Protein chains: 4
Amino acid sequence: MPEPKQAVGRPRDSRVDHAIAGATRELLAERGYAKLTVDAVASRAGIGKAAIYRRFATKQEMIFAATVHDMEEQPPPDSGSLRGDLEAVCEVIAKQLSTAPPDVLHGLLADIHGDKALGARFSGTFIERERFVIDTVLERALERGELAAKPDAAIVHAQLLGPIFYWILILIGDHGRLADLGRSVAAMVADSLTASG
Amino acid sequence: MPEPKQAVGRPRDSRVDHAIAGATRELLAERGYAKLTVDAVASRAGIGKAAIYRRFATKQEMIFAATVHDMEEQPPPDSGSLRGDLEAVCEVIAKQLSTAPPDVLHGLLADIHGDKALGARFSGTFIERERFVIDTVLERALERGELAAKPDAAIVHAQLLGPIFYWILILIGDHGRLADLGRSVAAMVADSLTASG
Amino acid sequence: MPEPKQAVGRPRDSRVDHAIAGATRELLAERGYAKLTVDAVASRAGIGKAAIYRRFATKQEMIFAATVHDMEEQPPPDSGSLRGDLEAVCEVIAKQLSTAPPDVLHGLLADIHGDKALGARFSGTFIERERFVIDTVLERALERGELAAKPDAAIVHAQLLGPIFYWILILIGDHGRLADLGRSVAAMVADSLTASG
Amino acid sequence: MPEPKQAVGRPRDSRVDHAIAGATRELLAERGYAKLTVDAVASRAGIGKAAIYRRFATKQEMIFAATVHDMEEQPPPDSGSLRGDLEAVCEVIAKQLSTAPPDVLHGLLADIHGDKALGARFSGTFIERERFVIDTVLERALERGELAAKPDAAIVHAQLLGPIFYWILILIGDHGRLADLGRSVAAMVADSLTASG
DNA sequence: GGCTAAACGAGACGGTACGTCGCGTCTTGAG
DNA sequence: CTCAAGACGCGACGTACCGTCTCGTTTAGCC
């Protein structure tokens, strides 16, 4: 039975992990993504740069870990209808996107897509989870008989979540109206699927 | 009659402007957004760095000018129906987004939203144009009698274009299916508006 | 009879020459040699840079012309003795060197010896004049019978003027004591020549 | 007991100091003072520019440290006579000045006198050492009884070393005759002091 | 309790790009 | 042909950040 790591030497200090994540989030909020430097994070956290690079290979990984921390993304509880389920999905996504300022999201996306490895990991986790949630919701509708045939999940994915991302990332729209937008999109997509499908 | 500028001293050489824009676009295509350097642009363009910084305050402004340059974004010719008009809008946007590699789009968006001034200019030109196009199309539908009341243009904007941006920027989806996506979204939005409106 | 120059077109404005020299001297006094820029001279003089480069090939030539303006350096009137003549020579040189701040002299010397052409011109005028003055004074002493044989003028040159330059340029010594230094050096050199020669 | 510095963090690498000084001296010899660039020094030394600017505030400080480095300037061994001692002083100074090409000396002097701080440091080290050497030699002569009273050391300083600097810096004279010049100046100054003192 | 090995804060290191500044040249329109 | 204004190519400057690498010290687990 292989132990994952030989536990010799001084163990990592978990307070350092929290200090890094905390300092990163603080500085992102104070100065924005573009002005975030590793030295500033180390200084604010009261630690050395080596402690950061012992944990993360690059600055981007560090930010990724500090911001995209708790990606649960479970399918929502069955609401009894496709429309209700889609609304719930929109709501969860909107809430998640609203936690970070838009410049952080853009910076992160740019770095993610500028680095092959990070990009693959992003698609393999974040996107895959979303796809799975949408798949699950559509399956439920099939079982209920709301849908006759299984629609293309990728298309539905874009139709449902695209407007939310666009509102937050591109339009920098009012967050108070996000709930309305989510409901209207969910209704529209549900109607479209049940009518044509 | 206010002259915009006193034409004193040697005037700016418009060939330099074109050389900068051309070199920027070439190098973006060849090396990607992250690897673009101002020195490389100057060298490729056969000019000095000073000529660049005389025109743009930062590297980001230079890229902005070189890429978001000929955003025409005229409303499409009247197709006779709301659905047809929306399809045409989707098609134009999809084509524009497809010309640039995705990492350029992400880098540009990140820089735009990382700089107040650039962000304002982006909203004031690109977004405003899109909004105007959508407004125009909705007005036509009102005149035709397809719509009873004017819908919220911002919501329609997100519903229509969000999925396309999402497909390209987040999903890094197949460009071959963009046309299908555009048609399906246009149909869905048109149905939604005519049914509920 | 060949005119030295074809007098066609607009003649040079002599006020421009004076403005250049004046601005150069002002800025040298205000900011020092190292901080003097051609743009600043043009701006202060209220003229264009082209007017400067039409007159001088380089910045150094401009400064040279503005500072080393009236190099007369005639041999002093015959005082009746070698010692008196040498004193007079020291006095004149000391007065000339005292007009410019030491940083200007050093800057000028550095530039002069960094540029072959300028260096040759400097040696050909300034140094040659000094040498001629010393030669003349020594000839007089020979005729008077103070000296039996003609000493090596180059060595005398260094012995006599070296201390003056050193005092001003290297020691940044008190200008009030320059007269004393000159007298003591003149006496010493005269004694040395009349005793050993 | 005051520790000069808290020895925290990685200490400076002394090999880097030597590499900087070595590269600087090499490049000064190869290309001359005016063509020396910080980038070239860093490249030649195999180090980064930051390592240079961590040690020196400006390029001038770097050159100063690399050239005015091992100014030992000990008083010469007692030769038994004032004249012998003065000859020895001249010889040492002439040898030191002959090692560097004249354009380096001029450049260095220009930079030293163009920067307050550097000028003060130059006076406080180099000049002070020379003065001390001369003082020591004069004290010996007093003890021997060659001199009745202590002469003005500053004047003697200029009288003795001025001609040598002038020969090298201004006249760009033949180095082969420097020894002769030194001897003649030493004799002249010694005679002058013993006669008048 | 002592030994070993890794983690720690601090900060120096090589490298790369940035945005600025100065030089000497060139290009306007006016005189 | 000259002038004032100012853009141009070039190249060096000094700064900032990245990810790596020593330092000397601290902290755990195993003997």
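In what follows, chains are A, B, ... by sequence order, proteins preceding strands, each numbered from 1. As the structure is a computational prediction, the values presented were derived from the model and not from experiment.
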For residues 102-110 of chain A, run the donor-acceptor check on the side chains, cut-off 3.5 Å, and write out each pair with its distance to 0.1 Å, sequence neighbours left out.
unit_1, atom_1, unit_2, atom_2, d
A:Asp103, OD2, A:Tyr33, N, 2.7

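In this entry the distance linking CD of B:Gln60 with C1' of E:dC18 reads 10 Å, nearest Å. Atom NE2 of B:His18 is separated from atom P of F:dA7 by 18 Å (rounded to the nearest Å). For C:Arg44 and F:dA4, the CZ to C1' distance is 18 Å, given to the nearest whole Å. Counting to the nearest Å, the P atom of F:dA16 and the CG atom of A:Leu36 are 16 Å from each other. Remark: C1' of E:dC18 and CG of B:Asp111 are 14 Å apart, rounded to the nearest angstrom. Put simply, CE on A:Met62 is 16 Å from C1' on F:dT20, counting in whole angstrom units. As rounded to whole Å, 12 Å separates atom C1' of E:dC23 from atom CD1 of C:Ile63. For the pair C:Lys35 NZ and F:dC13 C1', the computed distance is 14 Å after rounding to whole Å.
At a threshold of 4.0 angstrom between heavy atoms, the contacts of D:Ile52 with the nucleic acid are absent.
Annotation: salt bridge (Lys or Arg N to Asp or Glu O under 4.0 Å) contacts of D:Lys49 (sequence neighbours excluded): D:Asp39. Take C:Thr125 and apply the side-chain contact (heavy atoms from CB on, under 4.5 Å) test, not counting sequence neighbours, and it matches no residue. Here D:Ala40 pairs with D:Leu27, D:Arg31, D:Thr37 under the side-chain contact (heavy atoms from CB on, under 4.5 Å) rule; sequence neighbours left out. Qualifying salt bridge (Lys or Arg N to Asp or Glu O under 4.0 Å) partners for D:Arg121, counting only residues two or more places apart in sequence or in other chains: D:Glu61. For D:Ala117, the side-chain contact (heavy atoms from CB on, under 4.5 Å) partners are D:Asp115, not counting sequence neighbours. Legend: residues meeting salt bridge (Lys or Arg N to Asp or Glu O under 4.0 Å) with D:Arg15, ordered by chain and number and at least two apart, are D:Asp13. The salt bridge (Lys or Arg N to Asp or Glu O under 4.0 Å) check on D:Arg55 picks up D:Asp17, with sequence neighbours excluded. Residues satisfying the ring-ring contact (aromatic ring centres under 6.0 Å, His included) criterion with C:Tyr53, sequence neighbours excluded, are absent altogether.
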TODO: Mark up nucleotides 10-16 of chain E, 5' to 3', with B wherever a protein heavy atom is under 4.0 angstrom from a base atom, S wherever such an atom reaches only the sugar-phosphate, and - elsewhere.
DONE: BBBBSB-
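Listed pair C:Tyr53 / E:dG24 meets the phosphate criterion, a side-chain N or O lying under 4.0 Å from OP1 or OP2.
Annotation for C:Val41 and C:Ile20: closest pair CG1-O, 4.1 Å, computed over non-hydrogen atoms.
Of all the residues in residues 20-34 of chain C, not one reaches under 4.0 Å from DNA chain F with any non-hydrogen atom.
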Task: Audit row: B:Val16, B:Arg54, side chain to side chain contact (heavy atoms under 4.5 Å, CB included) steps and yes/no - done: CA-CA 11 Å; B:Val16 171; B:Arg54 210 173 286 119; over 6 Å; no
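Each of D:Ala57 and A:Lys59 was assigned the nucleotide of DNA chain F with the nearest heavy atom; the assignment lying further toward the 5' end belongs to D:Ala57.
Helix-axis bend for the helix from E:dG1-F:dC31 to E:dG31-F:dC1: the local axis fitted to the five terminal pairs at one end deviates from that at the other end by 20°, rounded to 10°.
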